[in-house]
Amino acid sequence: MSTHRSTWMDKDLDQVAELARNFFTKVCAPNETRWGKQQHVDREAWNKAGELGLLCASIPEEYGGGGGNFAHEAVLAIEQVRALAPSFGGGLHSGIVAHYINSYGTEDQKQNWLPKMATGEMVAAVAMTEPGTGSDLQSITTRAGKDGDDYLINGAKTFISNGLLCDLVLVVAKTANDGGIGDVSLIGVETRDLPGFSRGRNLEKVGQHGQDTVELNFSDVRVPRSNVLGGTEGQGFIQLMQQLPQERLLLAIAAAVTVEKAVELSVAYAKERTAFGKPLFSYQNTKFVLAECDTLATVCWTYLDDCIEKHLAGEFDITAAAKAKWWLTEQQCVVVDRCVQIFGGYGYMVEYPIARMYADSRIQKVYGGANEIMKELIARSL
């Protein structure tokens, strides 16, 4: 089977894809089993990605980035899935956190944080979710109280991707108590040797075992008030809402490419595996299931390409992102489940990629905003 090449690709992006493919297949994929057991990638992988220019590819060159656009981040996300190397958290680091800083940060914040993120010297995370809150960001209890020229941050965050290794975390905290969206701010916290900051346990998940996901605790953590993103309090909720479409599009990309990869693996297996003396692919049911899944793969790619082109043109809004996120992640789970069935008992063995894809896929319908929330957002536009 041939892999899909999007119409928005060009020769420059083909070169980026080749570079990313080599990184994910040679540096990441061979270590996935070990990373899964230790529950995080090696720090050296971040350094190598920085050396190759695979971090902050869509951040301006003046801040150490690659000077590209979202298409570069999309290519990296595509090649990571195709390489069966899900653990590396570069998409969050470069496609999400770096864009908060680049879009809203002060000049000092950009100059201080982005070049270090581009080299891999500084690994970044964003801390939204709390033990008692999920998608409801207005209900967070983490607070940043003023103390002279500093904030004292108190609270706890959970399900924080890149949390174990992060040197910089954008913390969603309340800087006021007026009862509205203006209470929320994003504050950059540099974690190295920071009194009062601690990491909780590395959470043991159903899937995505090599992606570190931890609890973060803040007890009178002192950071300069100049670290509030953009230099002005109360902008956090708006900043989050404006950047969430790109985050959800990255999840949609992973979903569509996972569908493609699941079909590819299943077709190859069905043609090699025999049952009752005949190739599994010779049975009508197998062919029909794969034909349906392959059709879904085509539809997913067509839809995804349209979304990416709209985003590149600045026409991809919150509603469009919600549609893409819920529908594509839903198809991901449907197709991967059906492909597991093609593999039979071997589809449940973790030595087979399809089994790991099955375990990894389920969370896609939850994080980045639960799919039920996506439908609520869509309904508001009707």
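This is a predicted model, so every value here is computed, not measured. The residues of the chain are indexed from 1 along the displayed sequence.
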ask   = Any salt bridge between K365 and E330, counting N to O under 4.0 Å?
value = yes
message = Please check this pair: side chain of Q235 against backbone of G230, looking for a donor-acceptor N/O pair closer than 3.5 Å.
response = no
ask   = CD of E73 to NE2 of H99: how many Å apart, nearest 0.5 Å?
value = 5.0 Å
inquiry  = Looking only at side-chain N and O atoms, does N371 offer a donor or acceptor that is under 3.5 Å from a partner on K325?
reply    = yes
request  = Classify the side-chain pair S87/E32 by whether it contains a donor and acceptor separated by less than 3.5 Å.
outcome  = yes
task = Apply salt bridge (Lys or Arg N to Asp or Glu O under 4.0 Å) to E18 and R21, showing your working.
result = CA-CA 5 Å; E18 182 178 2; R21 192 178 308 123; 5.7 Å; no
query = Only one of N154, N177, T175 clears side-chain hydrogen bond (donor to acceptor under 3.5 Å, both in side chains) with R143; which?
reply = N177
key: Residue list, side chain to side chain contact (heavy atoms under 4.5 Å, CB included) with A275, at least two apart or on another chain   = L280, Y283
remark   = Rounding to 0.5 Å, atoms NE2 (H311) and CZ (F70) come to a distance of 5.0 Å
inquiry  = For N202 and E215, which I'm curious about, is there any donor-acceptor pair between the side chains at under 3.5 Å?
reply    = no
message = Given H4, which partner from the list T302, T298, D305 fulfils the side-chain hydrogen bond (donor to acceptor under 3.5 Å, both in side chains) test?
response = D305
inquiry  = We want to know whether Y346 and E351 form a side-chain donor-acceptor pair, criterion being a heavy-atom distance below 3.5 angstrom.
reply    = no
query = Take atom CG in D149; do more than 12 heavy atoms of anything else shown fall under 6.0 Å from it?
reply = no
request  = Please list, chain by chain and in numerical order, all residues satisfying side chain to side chain donor-acceptor pair (under 3.5 Å) with E309, sequence neighbours excluded.
outcome  = T7
inquiry  = Would you say NZ of K146 has more than 12 non-hydrogen atoms from neighbouring residues, nucleotides or ligands within 6.0 angstrom?
reply    = yes
message = For K205, is the NZ atom crowded, meaning more than 12 foreign heavy atoms sit under 6.0 Å from it?
response = yes
ask   = Taking atom types as modelled and ignoring hydrogens, do the side chains of Q38 and D42 form a donor-acceptor contact shorter than 3.5 angstrom?
value = yes
query = Would you call D147 and R222 a salt bridge, taking side-chain N to carboxylate O under 4.0 Å as the test?
reply = yes
ask   = Counting only heavy atoms not in R362, do more than 12 sit closer than 6.0 Å to its CZ atom?
value = no
key: Donor on one side chain, acceptor on other, E130 and T142, under 3.5 Å   = yes
request  = Rounded to the nearest 0.5 Å, what's the gap from CD1 on I78 to OG1 on T258? Could you check?
outcome  = 11.0 Å
request  = Determine whether more than 12 heavy atoms belonging to other residues, nucleotides or ligands lie under 6.0 Å from atom CD of E107.
outcome  = yes
ask   = Does a side chain donor of either Y151 or E233 reach within less than 3.5 Å of an acceptor in the other side chain?
value = yes
request  = Please check if atom CD in Q111 has more than 12 non-hydrogen atoms from other residues, nucleotides or ligands closer than 6.0 Å.
outcome  = yes
inquiry  = Tell me whether E204 at atom CD has more than 12 heavy atoms from other residues, nucleotides or ligands lying less than 6.0 Å away.
reply    = no
key: Distance-only polar pair, side chains of R199 and N217, donor-acceptor under 3.5 Å   = no
query = Does a side chain donor of either H40 or N162 reach within less than 3.5 Å of an acceptor in the other side chain?
reply = no
query = Within a radius of less than 6.0 Å around CZ of F159, do more than 12 heavy atoms belonging to other residues, nucleotides or ligands occur?
reply = no
ask   = Where does the angle between the aromatic ring planes of F343 and Y269 fall among parallel (under 30°), tilted (30 to 60°) and perpendicular (over 60°)?
value = parallel
ask   = Is the distance between the ring centroids of W46 and F88 less than 6.0 Å?
value = yes
